[in-house]
J.: 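Take this structure first; my questions come after.
The shown structure was predicted, so the numbers you read here are calculated from the model rather than taken from an experiment.
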Amino acid sequence: MLKGTLITALARELAVSRQNEIIECDAQENISALKSINRTIALGADHGGYALKERLKTFLQDMGYQVLDCGTHSQEAVDYPDLTLKVAIAVKTGQASRGIMVDGVGTGSCMVANKVPGIRAAHCYDRLTARNSREHNGAN
């Protein structure tokens, strides 16, 4: 937050309750801090989601994100749990700040990812469910 920004008592209390720290900095420090944020997204798909994963990869890169492609790399049949685990581990270890797994239904991938401590996977099928999973459930 830029120096001199007004913060209400309620906002400070909310930050503390969420274990967030408010750091004041000047504009140049703020720009440097933004550059250091991990903008890598781990991306994976089963064979049915391969084409969409490839399109999503291009979209994310065009938006300025780095993409860690965890596979699959073709439309040949694969076991999605192996790829889901790669995505989840990349998020857990900090290689990526977020992960996206594209598969037929999504329930199985969520079940696999949620077995990794610290990972909160959610089945998202539109913007509303994706936004809600982040804002209200802390999905990563």
Side-chain angles (χ1 to χ4, degrees):
M1 160 191 81
L2 290 177
K3 287 181 183 172
T5 301
L6 296 177
I7 303 173
T8 66
L10 181 59
R12 285 186 187 279
E13 184 179 317
L14 185 60
V16 169
S17 73
R18 293 183 176 175
Q19 298 178 340
N20 291 325
E21 181 180 359
I22 298 173
I23 301 172
E24 293 186 38
C25 57
D26 63 30
Q28 188 58 42
E29 289 171 342
N30 198 27
I31 291 169
S32 297
L34 285 173
K35 287 181 181 177
S36 69
I37 293 172
N38 184 348
R39 294 192 39 96
T40 302
I41 297 178
L43 188 57
D46 68 357
H47 53 281
Y50 169 73
L52 179 57
K53 176 190 70 99
E54 291 301 305
R55 290 179 58 200
L56 185 56
K57 180 171 37 173
T58 300
F59 173 78
L60 291 169
Q61 289 169 334
D62 289 348
M63 296 295 293
Y65 290 92
Q66 298 293 318
V67 174
L68 176 60
D69 190 339
C70 296
T72 188
H73 302 290
S74 74
Q75 292 182 338
E76 292 181 31
V78 294
D79 289 329
Y80 73 87
D82 298 336
L83 302 170
T84 301
L85 189 57
K86 286 182 182 181
V87 171
I89 296 295
V91 174
K92 178 168 178 67
T93 61
Q95 290 178 285
S97 59
R98 301 280 181 260
I100 300 171
M101 182 66 190
V102 182
D103 72 12
V105 175
T107 304
S109 289
C110 287
M111 292 171 70
V112 170
N114 283 324
K115 290 180 183 280
V116 177
I119 298 300
R120 288 179 221 93
H123 179 194
C124 302
Y125 49 86
D126 60 15
R127 285 184 184 182
L128 177 63
T129 56
R131 181 175 288 132
N132 186 282
S133 72
R134 286 283 307 126
E135 292 176 357
H136 298 281
N137 306 110
N140 51 11

J.: Do the side chain of N140 and the main chain of A121 share a donor and acceptor less than 3.5 angstrom apart?
T.: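 Side chain of N140 to backbone of A121: no pair is present.
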
J.: Flag yes if L128 and Y125 sit in one hydrophobic cluster, no otherwise; membership is Ile, Leu, Val, Met, Phe, Trp, Tyr, and two members link when side-chain heavy atoms are under 4.5 Å apart.
T.: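 Hydrophobic grouping puts L128 apart from Y125.
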
J.: If I compare all heavy atoms of V91 with all of R98, which pair ends up nearest, and what's the gap?
T.: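 Where V91 meets R98 most closely, the heavy atoms are CG2-C, 3.4 Å.
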
J.: Okay, side chain of N137, backbone of A139: is any donor-acceptor separation there less than 3.5 Å?
T.: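 It does not hold such a pair.
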
J.: Any idea which heavy atoms bring Y50 and Q75 closest together, and the distance?
T.: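 Looking at all heavy atoms of both residues, the shortest contact is CD2-CG, 3.5 Å.
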
J.: Taking all heavy atoms of L43 and all of L60, pick out the closest pair and write down the distance.
T.: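 Here L43 and L60 meet closest at CD2-CD1, 4.4 Å.
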
J.: Test side chain to side chain contact (heavy atoms under 4.5 Å, CB included) on L83 and C70; report intermediate values, then the result.
T.: CA-CA 6 Å; L83 302 170; C70 296; 5.7 Å; no

J.: So, does D126 use its side chain to make a donor-acceptor pair with the main chain of T129 at under 3.5 Å?
T.: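 Checked: pair present.
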
J.: For the residue pair G64 and R39, what are the closest heavy atoms and their distance?
T.: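 Looks like O-NE, 3.7 Å.
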
J.: Applying side-chain hydrogen bond (donor to acceptor under 3.5 Å, both in side chains), can you list everything that pairs with Q66, at least two apart in sequence or on another chain?
T.: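 Q66 satisfies side-chain hydrogen bond (donor to acceptor under 3.5 Å, both in side chains) with no other residue.
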
J.: Which heavy atom of V105 sits nearest a heavy atom of H123, and at what distance?
T.: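 Shortest heavy-atom contact: O-NE2, 2.6 Å.
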
J.: What do you reckon, is NZ of K57 surrounded by more than 12 foreign heavy atoms closer than 6.0 Å?
T.: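 Counting neighbours around NZ of K57, more than 12 heavy atoms of other residues, nucleotides or ligands fall under 6.0 Å, so yes.
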
J.: Looking at L85 and V112, what are the two nearest heavy atoms and their distance?
T.: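 Scanning both residues completely, I find the closest heavy atoms to be N-CG1, 4.3 Å.
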
